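For reference, the structure discussed in these notes is given below.
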Amino acid sequence: MDVEKKDEQPLTTIIAEDNHRRKRKRRICICLSVIVVLVVLGLIILILALTVFKAKKPVTTVNSVAIKDFDASVNLLPPRVSLNVSLDLDISIKNPNKVGVKYRNSSAILLYEGKAVGEVPIPAGEIGSDDTKQMNLTLTVFADRLLTNIDVYTDVIQGNLPISTYTKISGKARILNLFNIRIVSVSSCNLNIDISNRRISNQTCDYKNRL
C-alpha cells in the first residue's frame, strides 16, 4: 500500500522566504527609527523655538535729543518769521533675541502739530543677537513746511516751540532658519524748544514694540 507523501519545499525556497521576512522586518525597523528620529527632532526644534529662540520684542530707547542749530527771528514790518532748527537725535535699539534682526529702510520724522516738517532716512541694516545698535541722527526742519502753519508764528513770539519726533524700525528675525518673525519698534518723543534759552524742555518719550 502506497503512502502519500506531503509536498516538501526545497531548501532554497525556505531560505529565500526567510531572507525576505528578515529584509521586510529590517525595512520596518528602519522606517520606525526614521519616524522616531523625526518626531524627536521636531520636539527639540519646537522646545527651542518656544524657549531659547522664542522671539522677543526689541527695545528702543531715545538716549538724548539735543539742539544742534537753532535760529529764530521775528520781523514786524513786514510780518515775517525766520526759523532754522536742527536736532541731534541719539537712539539705541537692543535686540534681545538669540538670532540677528534685519531691518528695512526707514526714517525719523520731525512733527509739528502732527504734520511732518522734517525727515532723515535710516538705511537698512542688521542688529546682531543680544546686540545694541546705536543711531545718531540729525533732523532738520523744512522751513517751507513749518511756516505754512500760522500757529508757528504765535509759538515763536511766545518763546516756546512744541515739536515731536517719530521713529519706526521694521524688520524680521529668522528663527532656526525655519520661521520669519516680523518685528516693529516705534519711538516718539514730545518736547518743547525754549527759544529764548535755546534749549529743550519738557521732554517725554513713548515706546511701542510688537511682534
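Keep in mind the model is a prediction, meaning the values are calculated, not measured. When reading the values below, keep in mind they use all heavy atoms of this one structure, side chains included, and skip hydrogens, waters and symmetry mates.
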Non-hydrogen atoms of [X] and [Y] that approach each other most closely:
X      : Y      : result
Asp130 : Lys98  : OD2-NZ, 3.0 Å
Ile200 : Val65  : CD1-O, 3.2 Å
Ile183 : Lys56  : CD1-O, 4.2 Å
Glu126 : Gly100 : OE2-CA, 4.2 Å
Pro58  : Pro96  : CA-CD, 3.9 Å
Ala108 : Leu137 : CB-CD1, 3.8 Å

From CA spacing to verdict: side-chain hydrogen bond (donor to acceptor under 3.5 Å, both in side chains), Asp194, Ser196 | CA-CA 6 Å; Asp194 184 341; Ser196 59; 3.0 Å; yes

Going from CD on Gln134 to CD1 on Ile127, what distance comes out if it is rounded to the nearest 0.5 angstrom?
->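 Here the interatomic distance stands at 10.5 Å.
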
Quick one: CG on Asn192 to CD on Gln203, what's the gap to the nearest 0.5 Å?
->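 The distance works out to 10.5 Å.
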
Does any non-hydrogen side-chain atom of [Y] lie less than 4.5 Å from one of [X]?
X      : Y      : answer
Ile169 : Thr60  : no
Val62  : Tyr207 : yes
Thr140 : Val85  : no
Ile109 : Lys115 : no
Tyr112 : Asp155 : yes

Just by modelled atom types, is the Asp90 backbone N or O under 3.5 Å from a matching donor or acceptor in the Asn136 side chain?
-> no

Check whether any side-chain N or O of Asn97 sits under 3.5 Å from a backbone N or O of Val99 as a donor-acceptor pair, and report yes or no.
-> no

More than 12 heavy atoms of other groups within 6.0 Å of Ile28 CD1 | yes

Count the heavy atoms belonging to other residues, nucleotides or ligands that lie under 6.0 Å from NZ of Lys172, then report whether that count exceeds 12.
->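 Open.
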
Would you say Val117 and Ile67 are hydrophobically clustered, going by side-chain heavy atoms of ILVMFWY under 4.5 Å?
-> yes

side-chain contact (heavy atoms from CB on, under 4.5 Å) involving Val36 - partner list, sequence neighbours excluded |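 Val40.
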
Only pairs at least two apart or in different chains count here, so list each side-chain hydrogen bond (donor to acceptor under 3.5 Å, both in side chains) that has a residue in residues 158-169.
->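 Checked against side-chain hydrogen bond (donor to acceptor under 3.5 Å, both in side chains) - neighbours excluded - the pairs reaching residues 158-169 are Ser164-Asn190.
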
